[in-house]
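Just below is one structure, and these are the notes that go with it.
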Amino acid sequence: GWSAAVTGSGSGYTVTLTGGTAGTVTLTLGATSVADAAGNSGPSSTSAAATVTVDRTAPTISAFTAPASPSSSATLSYALTFSESVTGITAADFSIGGTASGWSIDAVTGSGTSYTISLASASGADGTVVLTIAAGAASDAATNSGPAVAIDAAAVTVDRNGPTVASFAPTTSSPTKPTSISYALV
């Protein structure tokens, strides 16, 4: 439970609560529970302070969805969903790894529980792209930060270069008499 400490004198007092658990807390002053120097008791009826919500739970990531893989696109869009409404998400909270070079964070949009992170690449480098959100990147209304650890979205294989032909030649000699002719494409 909660422990209360009362400090002050005269007409001004402070009640400090410590301990307790997450949830809601309402401090109530009972009717006729205090008295002045002349012995008059009050207040005449019970008085309750505004309810305070105690939140000690850090936000977590519910989903961090990568685009379809493989991709031939010069842009990649990731969906990020938190367990509760958060603030403070910026491009600086993300890092890009993998084997495909030249990718950068183009935009971070969204609010509340849903965000979209867009990556762009002008280089056309093939390989994998892995987007990571840093630990503690977001804060909820009670200033709990999360996620507790860095989290990677699934790797996306980027293949922006079309196939090329190394050789394309008949496998039978010419001239020929067969009813079918074979070609090798490499």
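For the single chain, residues carry numbers from 1 onward in sequence order.
In this structure, L76 and L131 have side chains that are not in contact, with every pair of non-hydrogen atoms separated by 4.5 Å or more. Residues V130 and S95 have side chains not in contact (no heavy-atom distance under 4.5 Å, counting atoms from C-beta outward). Side-chain contact between I89 and F82 is present, with heavy atoms from C-beta onward closer than 4.5 Å. Proximity of W2 to V54: side-chain heavy atoms (C-beta onward) are separated by under 4.5 Å at one or more points. Here the side chains of I105 and L119 are in contact, with some heavy-atom distance below 4.5 Å.
When every heavy atom of A137 is checked against every heavy atom of P147, the shortest pair comes out as N-CD, 4.2 Å. Across E84 and D55, no two heavy atoms sit closer than the pair OE1-OD2, 3.6 Å. Here the closest heavy-atom approach between residue S85 and residue G112 is recorded as OG-CA, 3.3 Å. Contact record, A135 with A148: CB-O, 3.5 Å, taken as the closest heavy-atom pair. Shortest non-hydrogen contact noted between S44 and A31 is O-CB, 3.7 Å. The heavy-atom pair separating A154 from Y78 by the smallest distance is O-CE2, 4.5 Å.
Taking CG of L80 as the reference point, atom CZ of F94 lies at 5.5 Å (rounded to 0.5 Å). One distance of note links CZ of F168 with CG of L185; it measures 5.5 Å at 0.5 Å rounding.
With hydrogens and angles disregarded, no donor-acceptor distance shorter than 3.5 Å links the side chain of D93 to the backbone of A134.
Sorted by first and then second residue, the side chain to side chain donor-acceptor pair (under 3.5 Å) pairs with a member in residues 59-77 read T60-S83, S73-T75; sequence neighbours excluded. Pairs engaging residues 132-143 under the side chain to side chain donor-acceptor pair (under 3.5 Å) rule: T132-D152, D140-N144 [sequence neighbours left out]. Contacts classified as side chain to side chain donor-acceptor pair (under 3.5 Å) and involving residues 20-39 (residues at least two apart or in different chains) are given here: T26-T51, D36-N40.
A donor-acceptor contact under 3.5 angstrom links the side chains of T99 and T128, judged on distance only.
Residues V6 and V52 fall into different hydrophobic clusters, defined by Ile, Leu, Val, Met, Phe, Trp and Tyr side chains chained together at heavy-atom separations under 4.5 Å. When hydrophobic clusters are built by joining Ile, Leu, Val, Met, Phe, Trp and Tyr residues whose side-chain heavy atoms come closer than 4.5 Å, directly or via intermediates, L27 is not grouped with L29.
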